[in-house]
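Working notes, structure below.
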Amino acid sequence: MAIVRGFQKNYQSPITNYQNEDKMAEDKLPTRAEDFSEWYNQLVVRADMADYSPVRGCMVVKPYGWALWENICSWLDAEFKKTGHVNAAFPTLIPMSFFEKEKEHVEGFAPELAVVTHGGGQELEEKLAVRPTSETIIGHMYAKWVKSWRDLPLLIVQWGSVMRWELRTKLFLRTAEFYWHEGHTAHASEEEAKEEMYRILDIYERFCLEEAAIPVFKGTKSETERFAGAQITTSIEAMMWDKRALQSGTSHYFGDNFSKAFEIQFLNKDNKLTYAQTTSWAISSRIIGAMIMVHGDDNGLVLPPRLAPIQAVVVPIFKNDVEKEKVMEVANRLFAELKAAGVRVKFDDRDNVSSGFKFNDWEMRGVPVRVEMGPKDVEKGTVALARRDKPGREGKTFVSQDGIADTVKTLLTDVQASLLKRATEYRDSNIHDAKTFDELKKVVQDGWAFAYWCESTECEKKVKEEAKATTRNIPFHQPDAEGKCVVCGKPSKRKVYFAKAY
RNA sequence: CGGGGCGUGGCGCAGUCCGGCUAGCGCGCUUGCUUUGGGAGCAAGAGGUCCCGGGUUCGAAUCCCGGCGCCCCGACCA
């Protein structure tokens with residue numbers, strides 16, 4: 001990975017008395033404005049989230065990144081269980097023939113399959129694909145399990161990883177192997193299956209708003225952007241700092257496409273053999289990339305408090321052993337109070353780095369709140385509280401040591417809310433109505449366009465070719481009025497978001 | 001799969017054009033002392049099949065041939 005050295009000359013140090021400007025500059029990230037892609041690449045590694053692996057296109061998720069992922073998973077898992085879903089595990093390897101059973105599915109996934117050809121030193125009679133997604137094998141099993149309307153609905157979630165042979169990869173955003181959950185459900189009726197699809201999309205939306213502090217639009221994907229084999233694909237779409245769009249979760253309705261391919265049939269109440277209606281849905285580890293790109297700033301990661309592996313870090317400051325003893329005693333007490341109050345707190349007692357280093361270090365890692373205390377604080381009964389969403393000294397306030405747990409908890413709530421507010425305002429100020437094709441082309445250079453569209457593939461294709469933007473989704477919330485397609489001028493009932501996307 | 005760049009201690013690089021003697025530098029790491037309120041200093045250390053294979057040569061990180069790998073930019077995709 002190339003570290004870009006040319007940024008040194010542009011860097012304005014906020015610290016005036018630092019002796020070695022060059023060294024300081026090298027330690028900084030490139031700013032987002034200078035090189036967003038490089039900012040991201042360096043940040044993911046330096047914040048200790050993930051590392052490059054010896055396997056092409058695959059990442060190693062480090063403990064700090066995985067802890068974040070676990071927090072994401074546990075919230076979602078709880079929601080899925082509340083809505084009647086259960087977890088199960090299916091094989092990583094799938095017979096190749098399974099992919100040929102659903103025509104669109106094979107067309108969509110065949111180019112990106114990793115295939116196992118040998119086992120135990122022998123060439124296999126039937127090659128096995130490393131799952132790129134599990135509709136096929138789960139469909140196969142569902143066919144065995146579903147015989148009666150009493151067996152439905154079948155609501156199963158699998159947590160694991162899948163593999164798609166991606167040509168260009170980027171940590172978290174697009175890796176050959178990635179982590180996710182995939183829900184696969186089978187229902188007796190179309191209504192019920194569609195309800196399920198929307199129910200899950202609502203959970204995804206709430207996750208993004210309440211937990212990740214990322215505003216999203218729920219909507220329907222166009223025909224060309226639809227999942228391979230789906231009749232309806234819905235998605236939640238988020239805007240990153242560079243104004244590109246990221247599909248952050250999807251929920252699909254398959255109708256009977258997969259149940260016909262895999263013969264998932266049951267006897268309904270009228271004793272008629274009927275194909276089941278199926279859905280599938282997923283949020284992947286790319287959501288971590290979304291959090292980085294929505295909230296991160298030029299000092300590093302900014303994690304939403306509700307998901308942050310470490311919500312608060314206690315940093316003691318002292319000059320000598322006498323001071324150390326006094327400071328450590330109080331710092332330990334505050335740490336214990338925070339821990340007892342259920343705050344995910346870390347005590348940074350490293351003695352080989354300076355406090356200034358620690359401040360920058362925890363800012364790089366995105367810890368939402370920092371509790372600093374030195375000899376002066378011990379005397380005054382105060383601590384310095386630094387909130388990550390306002391980096392540097394401006395985010396610092398001095399508060400009483402009394403009731404520190406409540407103070408920190410309130411601040412965490414406040415940070416969580418302000419991240420969502422900031423992200424929402426940023427997004428909304430970068431979405432513009434486009435009434436003409438020229439306007440649209442201009443808008444998507446640096447933002448999203450919201451425009452009427454006739455929903456024809458031809459117009460969509462034209463936008464893609466000439467504006468290099470794709471349709472993101474047709475949001476559920478639509479204006480009352482109708483309009484004219486931004487491309488061809490034909491009457492249009494619904495508006496769509498156009499944007500450059502990841 | 002097209003275009004570009006690069007493979008040299010853990011990381012980032014110099015050296016390669018024009019072959020030469022103990023392969024350097026910065027960061028990091030280890031130990032010690034002094035430090036610690038916004039990226040500390042000094043000292044002493046540890047650490048290298050110069051991507052791989054072959055060739056040319058008295059001699060190859062450097063030249064030649066052939067591989068492999070990685071990163072970036074495009075097309076495609078969660």
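Proteins get letters first, then strands, A, B, ... in listed order; numbering begins at 1 in each.
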Under 4.0 Å from OP1 or OP2 of B/rC76: is there any side-chain N or O of A/Lys468 that close?
no
By side chain to side chain donor-acceptor pair (under 3.5 Å), A/Thr397 pairs with (sequence neighbours left out) none
Please round to the nearest 0.5 Å and tell me the distance separating atom CZ of A/Arg286 and atom NZ of A/Lys170.
12.0 Å
Distance in angstrom units between A/Tyr40 OH and B/rC72 P, rounded:
12 Å
Over how many whole Å does the gap from A/Trp180 atom CH2 to B/rC77 atom P extend?
16 Å
Ring centres of A/Phe109 and A/Phe99 under 6.0 Å apart?
no
Could you tell me how far apart A/Asp51 (CG) and B/rC11 (P) are, to the nearest whole angstrom?
10 Å
Pairing string of RNA chain B (Watson-Crick or G-U wobble, both atom distances under 3.5 Å; | = paired to other strand) is ((((((((.[[[[.)....(...]]]].((((((.....)))))).....[[[[[..)....]]]]])))))))....
Could you give the CZ-to-P distance, from A/Arg370 to B/rG39, as a whole number of Å?
12 Å
Is there a residue in residues 278-303 of chain A whose heavy atoms reach under 4.0 Å of RNA chain B, and which residues are they?
A/Ser284, A/Arg286
When the aromatic ring centroids of A/Trp448 and A/Phe498 are compared, is their separation below 6.0 Å?
no
Rounded to whole angstrom units, what separation is found between the OH atom of A/Tyr502 and the P atom of B/rA75?
14 Å
What string of B, S and - do you get for nucleotides 31-37 of chain B, 5' to 3', if B is base contact, S is sugar-phosphate-only contact and - is no contact with any protein heavy atom under 4.0 Å?
----BBB
Whole-Å distance between B/rC27 C1' and A/Asn360 CG?
16 Å
Hey, can you pull the residues of residues 220-237 of chain A with a non-hydrogen atom under 4.0 angstrom from RNA chain B?
none
Do A/Glu182 and A/Val157 come close enough that some side-chain heavy atom pair is under 4.5 Å?
no
Is the A/His181 ring parallel, tilted or perpendicular to the A/Trp159 ring (thresholds 30°, 60°)?
tilted
Does the ring center of A/Phe258 lie less than 6.0 Å from the ring center of A/His105?
yes
Verify whether the ring centers belonging to A/Trp69 and A/Tyr179 lie closer than 6.0 Å.
no
What integer distance in Å separates A/Lys500:NZ from B/rC76:C1'?
17 Å
Aromatic contact between A/Phe172 and A/Phe178, with the criterion being ring centroids under 6.0 Å apart: yes or no?
no
Interface with RNA chain B, restricted to residues 200-216 of chain A and to heavy atoms under 4.0 Å
none
Students often mix this up, so state it plainly: with edges at 30° and 60°, are the rings of A/Tyr204 and A/Trp281 parallel, tilted or perpendicular?
perpendicular
Any side-chain donor near an acceptor of the partner, A/Thr133 and A/Arg131, under 3.5 Å:
no
Tell me whether the centres of the aromatic rings in A/Phe262 and A/His140 are closer together than 6.0 Å.
no
Distance, rounded to the nearest Å, where A/Gln42 contributes CD and B/rC72 contributes P:
12 Å
Any A/Thr169 side-chain nitrogen or oxygen under 4.0 Å from OP1 or OP2 of B/rC70
no
